[in-house]
2 protein chains.
Amino acid sequence: MAEVAEDFSSRKDAETTQGKAGEASPKSQERRERILDAAEELFATSGFDGVTLRQIAKLAGVDVALTSYYFGPKLQLFDAVLKRRGEILNRARLDALRSAEAESAPNPPSIERVIEAFLRPLEIAQESEDRGWRNYCALIAYVNNSPVWGKKMIGKHFDKLVREFTAAMQRCFPEAPARDIFWCYHNLSGALSLTFADTGRIDILSENACQSHDFKSAYDRMIPFMAAGFREICGGH
Amino acid sequence: MAEVAEDFSSRKDAETTQGKAGEASPKSQERRERILDAAEELFATSGFDGVTLRQIAKLAGVDVALTSYYFGPKLQLFDAVLKRRGEILNRARLDALRSAEAESAPNPPSIERVIEAFLRPLEIAQESEDRGWRNYCALIAYVNNSPVWGKKMIGKHFDKLVREFTAAMQRCFPEAPARDIFWCYHNLSGALSLTFADTGRIDILSENACQSHDFKSAYDRMIPFMAAGFREICGGH
DNA sequence: TTGACACTTCAACAAGCGTTGAATCTAATC
DNA sequence: GATTAGATTCAACGCTTGTTGAAGTGTCAA
């Protein structure tokens, strides 16, 4: 079992040194990215403890020592992977939420629009030609459902965003108790995680009527499904 | 990364030898259970690769070698943990489904009743004084969301049951395309997994308005929530 | 040309891993 | 009491792990 450290240290003081010498050479920058890509892919399928730095280095086509040189201890590499795309994604989702709210102002948007803002940026990322986003989402699924990583890591990278969305959901149902809002969000979050995980299980169960990597089909149904659930629980009657 | 072996072998031919000499001594039987309990707990929180046999043995209060003696390789111990409670649970859920169907015959039961049959046996298990069931459910959450274990292990232990339930759901909505039924089941399964995982995240997000181990509250809301979702997607108009 | 410095490789480290052979213990059977 | 066989312990195996110090390479500035 890996312990979750509070702070990280690396061989060189990555952030600062990088900036001091102007910018990193394009060659080394590309290697950094390749390490992150490889780590992303392997962590996503096998988890933190199921992957060795040597496997990551091999997939990235670099020496093992380079992983430590660039990112410090294994845990810090893990954190760097989570951070890289997290910031981009969170901005896209927040922008989508802001648009939805602006559109309906001064009234709150429909719950469908809020859920859509939460999901669609993922779909765009996942359907892109770059496999990296799919790996990243699968990694999030792993972390989100893990008792060990869930609190520390997901909280660290996603709490701010999630609070924006739960607040928006609350505005959709101003009379609903916060408890209900959070349990409904919980249902959405869980279904989303399983979709991310892309386990291929729905393919087998449905005898290929559904494909687990068909994210568009998943979200097309998930949005009205979850909206109906929210209304049932939070709609109040 | 661990490979998922097709078949398992142990030092002694566990099943058969056990039976031959009449029954195992109560002392050794108790130790077997303690090993399974410890493995269940640790696997649930840290995953297959995040736990060592030495940690399991220590928690169980036995020698490391005993884990191999009783269960063979690590992977077979993992499988034994999944099997132990899986059979009990699946029977309870199937019984609940059969009761619901008998009650409404010759009509199909409401989707609420089907979902209830899927969830409530878990609640009973999880709310019992024995922490073992909670650990087991958390382990299922881990396995269900894992691309590596999801297909092999969950399929092996749960496919038969899940097919019973998806078939029952289809009978609730005979006009709905199978595709829709399976995506709806997928949403239910994902939300359930996250509940199992008991990550404590909802506690933090909701500032303790919700507790992640309050399974009754979770299911009380999950049943109408998911039923409304099913109706929205599969209800047809 | 020389120096400096980021980058990269190589080899090794101590620690821990899953697993197993051999020895010892325990308890029931003859 | 001797025999037998399962249960248990102990010590060790070969191997892999994350990490690092030291040496080497490349490149740009002085």
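Per chain, numbering begins at 1; letters A, B, ... match sequence-line order.
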For this session: Go through the steps for Glu33(A) and Arg84(A) under the test salt bridge (Lys or Arg N to Asp or Glu O under 4.0 Å), then give the verdict.
Result: CA-CA 10 Å; Glu33(A) 294 292 324; Arg84(A) 180 173 56 156; 2.7 Å; yes
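- Between Ser68(B) and dT20(C) there is no side-chain N or O to OP1 or OP2 distance below 4.0 Å.
- Remark: C1' of dT17(D) and CG of Asp49(B) are 13 Å apart, rounded to the nearest angstrom.
- Leu42(B) has its CG atom 12 Å from the P atom of dG18(C), to the nearest Å.
- For dA7(D), the OP1/OP2 oxygens have a side-chain nitrogen or oxygen of Tyr69(B) closer than 4.0 Å.
- If you measure from atom CZ of Arg32(A) to atom P of dT8(C), you get 11 Å, rounded to the nearest angstrom.
- Note: Phe78(A) and Tyr142(A) have perpendicular aromatic rings, judged against thresholds of 30 and 60 degrees for the angle between ring planes.
- Distances shorter than 4.0 Å separate some side-chain N or O of Arg31(A) from OP1 or OP2 on dT8(C).
- Nucleotide dT9(D) holds its C1' atom 8 Å from the CG atom of Leu66(B), rounded to whole Å.
- Residue-level contact check: Arg54(A) touches the bases, meaning some heavy atom is under 4.0 Å from a base atom.
- Protein atom CG of Asp63(A) is 10 Å distant from nucleotide atom C1' of dA11(C), rounded to whole Å.
- We find that CG of Leu75(B) is positioned 14 Å from C1' of dT19(C), with the value rounded to whole Å.
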For this session: Run the numbers on Gln126(A) and Tyr219(A) for side chain to side chain donor-acceptor pair (under 3.5 Å), then give the verdict.
Result: CA-CA 12 Å; Gln126(A) 287 170 314; Tyr219(A) 298 144; 2.7 Å; yes
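- Atom CD of Gln29(A) and atom C1' of dT8(C) are 16 Å apart (whole Å).
- As a whole-Å value, the separation of Gln55(B) CD from dC17(C) P is 6 Å.
- The cationic atom of Arg131(B) (NZ for Lys, CZ for Arg) does not lie both less than 6.0 Å from the six-membered ring centre of Tyr136(B) and within 45° of the ring axis.
- When the side-chain nitrogen and oxygen atoms of Tyr70(B) are compared with OP1 and OP2 of dG6(D), none of them lie within a distance under 4.0 Å.
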Exercise. Could you go step by step and tell me if Phe118(B) and Tyr185(B) meet the ring pair (Phe, Tyr, Trp, His ring centres under 6.0 Å) rule?
Worked result: CA-CA 11 Å; Phe118(B) 196 65; Tyr185(B) 168 77; 5.8 Å; yes
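- Of the candidate nucleotides dC10(C), dT20(C), dG18(D), dT20(C) has the atom nearest to the side chain of Ala65(B).
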